[in-house]
Amino acid sequence: MDYTNTGILVSALNEGNILAFEYFYKTYFKDLLNYASRILGDPEASKDAVQQAYYRMWENRVTLTIAVSPRAYLYRSVYNNCLNSITHKKTIRKYEEEQLKELYFSTVVQTPEAEMILERSEMERAIMTAVEGLPGKCREIFMLSKVDGLKNREIADQLGISLKTVEAQMTIAIKRLRKELGWLLQLFIFFG
């Protein structure tokens, strides 16, 4: 069959033709996975988003209509799945934050030692999240300096880059972290 013809392809899929489904899968899977990865930045979540698109297409094959093109249909489906994934993650994060608040008010407020530990872990988590958000090389240089305690010259020698590059990347890191963390950055720099 000529599956390059959208009408024939969709009709075959409507009839449950597994070869038509395989054509959809083989033709678009890699591109869809790359697309989802750019949106989500998470390989497993991206794979899930693409697989859900194919699953729904197969489940709805009898009533499936594709107005524009198979490619546009699948990209839109993957896009929607990615948005759902992001919303789901935000919901989970909100639930976790609510659970943390409940723990704080039911247990931590009653024990000062536990509160101090919780505050420290929250600050550390905020700092590490901000550091992880730095661009790759910038993050690496910052960690070598502030965690491993290397001097700028040692970092330059270790990474095989110029001293000016190290200094420029540290300036970028400090500026971004100062904007995101405010006073917490001082704790990391001086006591980390």
Side-chain angles (χ1 to χ4, degrees), residues 1-106 121-122 124-143 169 172-173 175-182 184:
M1 256 186 220
D2 179 19
Y3 291 136
T4 58
N5 179 309
T6 301
I8 292 172
L9 178 62
V10 173
S11 292
L13 190 64
N14 291 147
E15 295 167 6
N17 185 325
I18 195 71
L19 294 175
F21 181 78
E22 285 178 11
Y23 178 84
F24 269 105
Y25 188 84
K26 289 178 183 176
T27 304
Y28 302 109
F29 183 81
K30 284 183 183 178
D31 290 338
L32 291 169
L33 187 58
N34 287 334
Y35 176 65
S37 295
R38 286 194 307 274
I39 295 172
L40 297 174
D42 176 353
E44 287 302 312
S46 301
K47 196 172 184 181
D48 288 345
V50 174
Q51 288 175 340
Q52 278 183 331
Y54 280 109
Y55 174 77
R56 283 195 190 112
M57 184 177 70
W58 181 253
E59 284 295 302
N60 299 320
R61 67 187 175 275
V62 174
T63 58
L64 182 71
T65 56
I66 297 179
V68 182
S69 73
R71 180 182 183 91
Y73 170 83
L74 285 168
Y75 269 82
R76 187 64 178 171
S77 182
V78 168
Y79 175 78
N80 289 336
N81 292 340
C82 288
L83 291 183
N84 289 341
S85 177
I86 291 167
T87 302
H88 180 70
K89 283 181 184 177
K90 285 181 181 177
T91 303
I92 289 173
R93 197 173 302 126
K94 183 178 178 184
Y95 174 76
E96 289 171 348
E97 288 171 3
E98 287 173 4
Q99 293 302 311
L100 187 60
K101 285 177 189 172
E102 186 176 311
L103 168 69
Y104 179 80
F105 288 114
S106 66
S121 69
E122 286 177 347
E124 288 172 355
R125 188 171 345 122
I127 291 167
M128 292 314 296
T129 299
V131 170
E132 288 170 8
L134 292 172
K137 188 60 81 176
C138 188
R139 178 179 59 247
E140 181 181 13
I141 290 169
F142 184 82
M143 294 298 283
Q169 291 297 312
I172 292 168
K175 187 182 287 187
R176 286 182 67 167
L177 293 173
R178 185 176 293 130
K179 182 179 179 185
E180 190 167 336
L181 294 171
L184 280 179

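What you see is a predicted model; the values in this text were computed from it and never measured. Reckoned from all heavy atoms, side chains included, excluding hydrogens, waters and symmetry mates.
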Whether Arg139 side chain and Leu134 backbone form a donor-acceptor pair below 3.5 Å: yes
Contacts of type side chain to side chain contact (heavy atoms under 4.5 Å, CB included), residue Pro135, not counting sequence neighbours: Cys138, Arg176
For Lys137 and Gln169, the nearest pair of non-hydrogen atoms, with its separation, is C-OE1, 4.3 Å
In Å, rounded to the nearest 0.5 Å, how long is the span from CD of Gln51 to CG of Leu33? 9.0 Å
Residues pairing under salt bridge (charged side-chain N to carboxylate O under 4.0 Å, His left out) where one sits in residues 32-59, two or more places apart or in two chains, turn out to be Asp42-Lys89
List in chain and number order the residues that pass side chain to side chain donor-acceptor pair (under 3.5 Å) with Asn80, two or more places apart in sequence or in another chain; answer none if no residue qualifies. none
Verify, without hydrogens or angle tests, whether Ser85 (side chain) and Asn81 (backbone) share a donor-acceptor contact under 3.5 angstrom. no
What closest approach, in Å, do Val131 and Phe142 show between heavy atoms, and which atom pair accounts for it? CG2-CE2, 3.9 Å
Begin from the C-alpha positions of Met57 and Leu13 and carry the test side-chain contact (heavy atoms from CB on, under 4.5 Å) through to its verdict. CA-CA 9 Å; Met57 184 177 70; Leu13 190 64; 3.8 Å; yes
If the condition is salt bridge (charged side-chain N to carboxylate O under 4.0 Å, His left out), which residues does Glu22 pass it with, not counting sequence neighbours? none
Here the pair of heavy atoms bringing Ala49 nearest to Leu40 is CB-CD1, 4.4 Å
Mutual orientation of the aromatic rings belonging to Tyr79 and Tyr35 [parallel < 30°, tilted 30-60°, perpendicular > 60°]: tilted
Atom pairs and distances, side-chain donor-acceptor, residues 64-78, under 3.5 Å, sequence neighbours left out:
residue, atom, partner, partner atom, Å
Ser69, OG, Ala72, N, 3.0
Arg71, NH2, Tyr75, OH, 3.4

Going from CD on Glu15 to CZ on Arg61, what distance comes out if it is rounded to the nearest 0.5 angstrom? 11.5 Å
Listed by chain and number, what are the ring pair (Phe, Tyr, Trp, His ring centres under 6.0 Å) partners of Tyr55, not counting sequence neighbours? none
Show, in sequence, the C-alpha distance, side-chain angles and deciding distance for Phe24 and Tyr54, and conclude whether the ring pair (Phe, Tyr, Trp, His ring centres under 6.0 Å) test is met. CA-CA 8 Å; Phe24 269 105; Tyr54 280 109; 7.5 Å; no
Hey, is the main chain of Thr63 close enough, under 3.5 Å, to the side chain of Asn60 for a donor-acceptor pair? no
